[in-house]
Structure formats: C-alpha cells, structure tokens
Amino acid sequence: VCPAPPTAKFADVTAETYPVGTRLYYECDSGYTRRRGQYPGIRCQSTQQVASWVYKEFECIDEKTLLSTAPTMELGVTQKPERKTQSPAPQKEGNLSEFDQKDFCGPPKTIPHASLRPNKQYYVGQVLHFKCQSGYDKRSSTSGTCTCKKINGNITWTCLDLRCTNDS
C-alpha cells in the first residue's frame, strides 16, 4: 500500500488504471438515489490472466419518482470500460512499462447520474493524474502525473510539484 498521495491546491485527482484487488464504489448524484437492494461496489480482479472490473447491477433513480420506468442496466464482467470524453488524460501504454498490464484494470464504466467515490488506498504501480479545476491553469514547468513506486525498499510517490494558479 502506498502512503497518502501528494495534494495539489485547486486540482482534481483521477486514475486511469487500478491494480488488481482495488475496490471502488459508486455514489448517486444529488437528487438521485440507488435502487433498493443494489450494491454500489465494483472490484478489479484477474480472470484468465486478464484484469477487468466485476460489476453488479446498479442504477441511480430520480428521487422525485422513486419508481423508475427505465429498465435496469446490466453490467457484464467482460464489458470494456466506457470513457468520458472529458477524461483528463488519455491512457498511455508507457505508464505501466515496468508493471505487467494484466495486473491493472482500466477506467471503470460511467453510470448515469452517478460518480465514483474518491479512492483512499493506492498500490505500487498506481498512476494518478492531476487536473486543474475550472478557472485554474497548470504552471508549464510541472507534471500532471504521479506514480507510486518502490525505490530502495521505500514506497513513495514520484512526481514533480503540481501547482494550479489563476494568476495571469
């Protein structure tokens, strides 16, 4: 397990890949609620030497209606992850050159009216992407990624100091 990742003021943190064993949880957006009896968790697991997310049936419904007329969404184990078009950084094959890609899942599926709860636990090989929030710009001399690595027996994050500013 890696120590807490570095923080950057006015920046959001995302990850493009997650090691096998990672568990993430969906949270319904404001005004929506999870359909009764559905589990919001997903897990990255290796099946036949391929890392993929295991999904259960999950849907967020409008709190005003409480009974959705929309069909529930079936999420299969073998479905490829969907990507939001505003993804902060494209997935790069080089990011995991020293790690075996079969040990990492890609970005999880997007679910209507839901977002993923921020992950609090990261593992060696995890790459985080920092994106400046709206109205803030990244200083040109800084990097937008950090990687958790084991160096000389110590587990640490390697990244340049990221600063987001609204200065002109």
Side-chain angles (χ1 to χ4, degrees), residues 1-2 4-93 95-96 99 101-123 125-138 144-148 162 164 166:
V1 176
C2 299
T7 58
K9 260 185 161 179
F10 314 114
D12 294 319
V13 180
T14 60
E16 289 285 319
T17 58
Y18 298 85
V20 167
T22 299
R23 291 180 187 268
L24 296 176
Y25 299 89
Y26 288 101
E27 290 181 338
C28 293
D29 296 338
S30 179
Y32 292 84
T33 189
R34 172 172 51 106
R35 187 177 286 281
R36 184 188 308 253
Q38 292 183 345
Y39 181 67
I42 60 174
R43 185 178 76 246
C44 176
Q45 77 175 32
S46 183
T47 307
Q48 296 175 350
Q49 298 196 354
V50 175
S52 61
W53 291 105
V54 176
Y55 297 91
K56 305 240 184 220
E57 187 176 355
F58 183 77
E59 180 183 22
C60 292
I61 56 175
D62 193 325
E63 288 177 346
K64 293 177 194 145
T65 59
L66 290 180
L67 296 172
S68 175
T69 55
T72 53
M73 196 175 190
E74 287 289 331
L75 298 175
V77 173
T78 57
Q79 287 178 311
K80 293 196 181 236
E82 293 175 4
R83 296 176 63 119
K84 293 181 182 178
T85 53
Q86 69 271 20
S87 180
Q91 188 170 350
K92 295 176 187 166
E93 295 295 320
N95 282 355
L96 298 173
F99 305 103
Q101 293 218 18
K102 71 179 179 162
D103 294 330
F104 289 84
C105 289
K109 277 186 140 326
T110 56
I111 292 183
H113 314 295
S115 55
L116 284 166
R117 185 184 314 157
N119 194 20
K120 302 263 193 252
Q121 202 168 50
Y122 299 100
Y123 300 92
Q126 186 82 54
V127 178
L128 300 181
H129 300 274
F130 291 79
K131 181 183 178 195
C132 293
Q133 295 169 351
S134 180
Y136 293 87
D137 295 316
K138 181 173 68 170
T145 63
C146 290
T147 304
C148 182
L162 175 73
C164 295
N166 62 357

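Every heavy atom of this structure was used, including side-chain atoms; hydrogens, water molecules and symmetry mates were not.
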For Leu24 and Trp53: C-alpha separation, side-chain torsions, deciding distance, then whether side-chain contact (heavy atoms from CB on, under 4.5 Å) applies.
CA-CA 10 Å; Leu24 296 176; Trp53 291 105; 3.5 Å; yes
* To do: Show the numbers, then the answer: is there a side-chain contact (heavy atoms from CB on, under 4.5 Å) between Val1 and Gln121?
  => CA-CA 7 Å; Val1 176; Gln121 202 168 50; 3.8 Å; yes
- [ ] May I have the step-by-step check of side-chain contact (heavy atoms from CB on, under 4.5 Å) for Tyr39 and Tyr25, ending in yes or no?
- [x] CA-CA 9 Å; Tyr39 181 67; Tyr25 299 89; 3.3 Å; yes
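Not a single donor-acceptor pair under 3.5 Å links the side chain of Glu27 to the backbone N or O of Ala114. A distance-only check finds no donor-acceptor pair linking the side chain of Tyr26 to the backbone of Cys60 [under 3.5 Å].
Here the NZ atom belonging to Lys9 is positioned 11.5 Å from the CD atom belonging to Gln133, to the nearest 0.5 angstrom. Rounding to the nearest 0.5 Å places CD of Glu16 at 10.5 Å from CD of Gln126. Atom CZ of Arg35 sits about 10.5 Å away from atom SG of Cys28, to the nearest 0.5 Å. To the nearest 0.5 Å, atom OG1 of residue Thr147 and atom CG of residue Leu128 are 8.0 Å apart. Rounded to the nearest 0.5 Å, atoms CG (Asp29) and CD1 (Ile111) are 11.0 Å apart.
Here the side chains of Pro5 and Cys146 are not in contact, with every heavy-atom distance at 4.5 Å or above. Counting heavy atoms from C-beta outward, Tyr55 and Pro108 have side chains that approach closer than 4.5 Å.
Between His113 and Tyr32, the two ring planes are parallel [angle under 30°; tilted spans 30° to 60°].
The minimum heavy-atom distance linking Asn119 with Arg23 is given by the pair OD1-O, 4.1 Å.
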